[in-house]
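Written below as structure tokens is the structure these notes are about.
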Protein chains: 2
Amino acid sequence: MVTIKDIARKSGVSVGTVSNVINNLESVKIKNKEKVLEVINSLGYRPNKIAASLSKKKTMNVGLIVPDVSSPFYSDLIKGISDALEINGYNIFLCESNNNIQKEEKIIRDLLSMWIDGIILIPVYSKKRNLHFLENIEIPVVLVNREIEGIKKDIVIFDNFGGAFEATQFLIKNNHKKIPILGGPELSKSFEERFQGWKEAMEENNLYKDNLIFRGDFSVEAGHKMMLEALNKADGIDAVFASSDLIALGALSAIDEYNLKVPDDISVMGFGDIYLSKFLKPSLTTIRRPFYNIGKTAVSLLLDRISGNTQKKITKFIIKGKLEIRDSVKIPDQPE
Amino acid sequence: MVTIKDIARKSGVSVGTVSNVINNLESVKIKNKEKVLEVINSLGYRPNKIAASLSKKKTMNVGLIVPDVSSPFYSDLIKGISDALEINGYNIFLCESNNNIQKEEKIIRDLLSMWIDGIILIPVYSKKRNLHFLENIEIPVVLVNREIEGIKKDIVIFDNFGGAFEATQFLIKNNHKKIPILGGPELSKSFEERFQGWKEAMEENNLYKDNLIFRGDFSVEAGHKMMLEALNKADGIDAVFASSDLIALGALSAIDEYNLKVPDDISVMGFGDIYLSKFLKPSLTTIRRPFYNIGKTAVSLLLDRISGNTQKKITKFIIKGKLEIRDSVKIPDQPE
DNA sequence: TTGTAAGCGTTATCAC
DNA sequence: GTGATAACGCTTACAA
């Protein structure tokens, strides 16, 4: 392995000068600089970032902790984060918490001992979270997509309430009246917010009823089951608000089994805009979450902290969704 | 920041002993070990991996280079790799080449200067690849999913030929005779292999004809377009082999526009098994690629090299796909 | 079993 | 502008 010392020796300057050349310091005489660069090339020298990090106490690495790498929900987020960090010269340690709080804490400890410069955390949902531990992490941390009560950290989240409200409003405006919600798990905050959005829109229009609420989890199977329940129980359903696209998918197939047509007999509103929702038949009207931008925003918050704004107030970004109007919701009197 | 020295001082032993405790060396007297552990806890000491790496010349980090992080195709692969590395105590540097060969080479250089212990590379397809550069990387490299001619590295790839052959055979066995292929880009090796698989199966059964070949890229739009072409050109098509699930999706919608029914009027065979293929209506019969296992295999090859098997012969794993029989292919005389 | 000290490859300080 | 050298926090001979 060729080091800075070898370069120094071969080019007849000191290690300090070589270091300055490598780091593009202006102060180096042009002649020396050229000589050093030449030797670097001929010897195939490669700077050792580990050594530099040890000396500088800065690694230019950040940790990204995701509950599940393979989830299509996070892939755009990861991309947004990855792109933004790359532009700024940072590398990513990608870690997966597997939705397990112990694992998440272990990862954080490991990352800290690698002297990363900051952490972007998509937190696991957990009642057993050690707030003290999280709060006392000595490097910048940005939370994404999930709030943790009692934690004072910069955060970027999606506007679940607003999205659900808008989605439901859209259904109502288009003349739908009996609109059950196909919900997620009770303890999910995201779902709770979506639920509240739906509820508020329904109440505002005097359409709210307790028996319009169905609960399951965020899966296709659950969507299928809830939709069947809804169809069995309630009469005259003219639309349904699925609180995730996966649920909507399940709903679609349940409706199909009932020999009803979407959107003619019943409209389906999704939530989340997963990849492929637009390719379904009928394509799914849904709320798109701009994950790529959420990722970019998280990075800018993080880099801001890393560059020293430690006294700045905690900021909370709430990113709005976008209604994607496609074919699964019936729009009356639409001009041809 | 508390260091090993502080621990040594407080616990009345030497830094060497502390180091041994941290690294679980047996040789430490139990009494000292306990004392040291106690001090470590009370001071909240955290080992500095950077310093350890510099000293040990080993980082326990590996680089993973992916063309596109957000692609659903790679998410399972990333998960397989991530899980397997984690079990073995390694961390991942996730990098994205954006399908750009310059970027890929830059990433490799960066990773090398971070002293990672090995690289798992999903290579960009490129005619302008610098083989010499790749071949001379001084740490273990495992290639995944794409072969590079002239490069002697361990590799794990998917059996595109076999998968396409099996898929086509399946169609033929089930009484389909006129089976166009909806193909990918000409320069894609993966597609070329799938094409050959299809061709061989067709020829073996005297079904092959030049005019059954359509070409586009691996996208929904291309699938749509190719399917329309096929329907316009050829008569009596009873099945179609889409060389990717995305293409199959496009084909499905084209067929729908033609007011034909899948699978009654025409069968559709996909390739790749993307997430959601099983949720389509009709659900897509396709070839599943076991990406998770491909990832795990790649890791085991890499770790094998890292642990010193440098003289071992290059190994090439060809992982077989699995036919997922669902609803988009018509199976005659099926008992009810 | 433990302590001492050299060394890992860089950066940064401070004379010159 | 440059060179010498201490420092970064840890591991690892080697000696005790």
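Below, chains carry the letters A, B, ... as their sequence lines are ordered, and counting in each starts from 1. Hydrogens, waters and symmetry mates are skipped; everything else that's a heavy atom, side chains included, is used.
Closest to the B:V13 side chain, of the nucleotides C:dG9, C:dG3, D:dG9, is C:dG3. Distance from the side chain of B:V15 is smallest to C:dT4 among C:dT4, D:dC10, D:dG1. Here the side chain of A:T17 is nearest to one of C:dT2, D:dT2, D:dT11, namely D:dT2. Relative to the side chain of B:T3, the nucleotides C:dT10, D:dG9, C:dT2 differ in distance, and D:dG9 lies closest. Of the candidates C:dG3, D:dC10, D:dT12, the closest approach to any side-chain atom of B:K56 belongs to D:dT12. Of the candidate nucleotides D:dT11, C:dT10, D:dT12, D:dT12 has the atom nearest to the side chain of B:N20.
One finds no side-chain N or O of B:S55 lying less than 4.0 angstrom from the OP1 or OP2 phosphate oxygen of D:dC10. Close to D:dT11, at under 4.0 Å from its OP1 or OP2, lies a side-chain N or O of B:N23. Side-chain N/O atoms of A:K57 include one lying less than 4.0 angstrom from OP1 or OP2 on D:dG9. Remark: A:S14 is in phosphate contact with D:dG3, judged by side-chain N or O atoms under 4.0 Å from OP1 or OP2.
Judged by distance alone, with hydrogens and angles left aside, the side-chain atoms of B:K49 form a donor-acceptor pair with the main-chain N or O of B:T59 at under 3.5 Å.
In terms of position on DNA chain C, the residue among A:L54 and B:G16 whose nearest nucleotide sits closer to the 5' end is B:G16.
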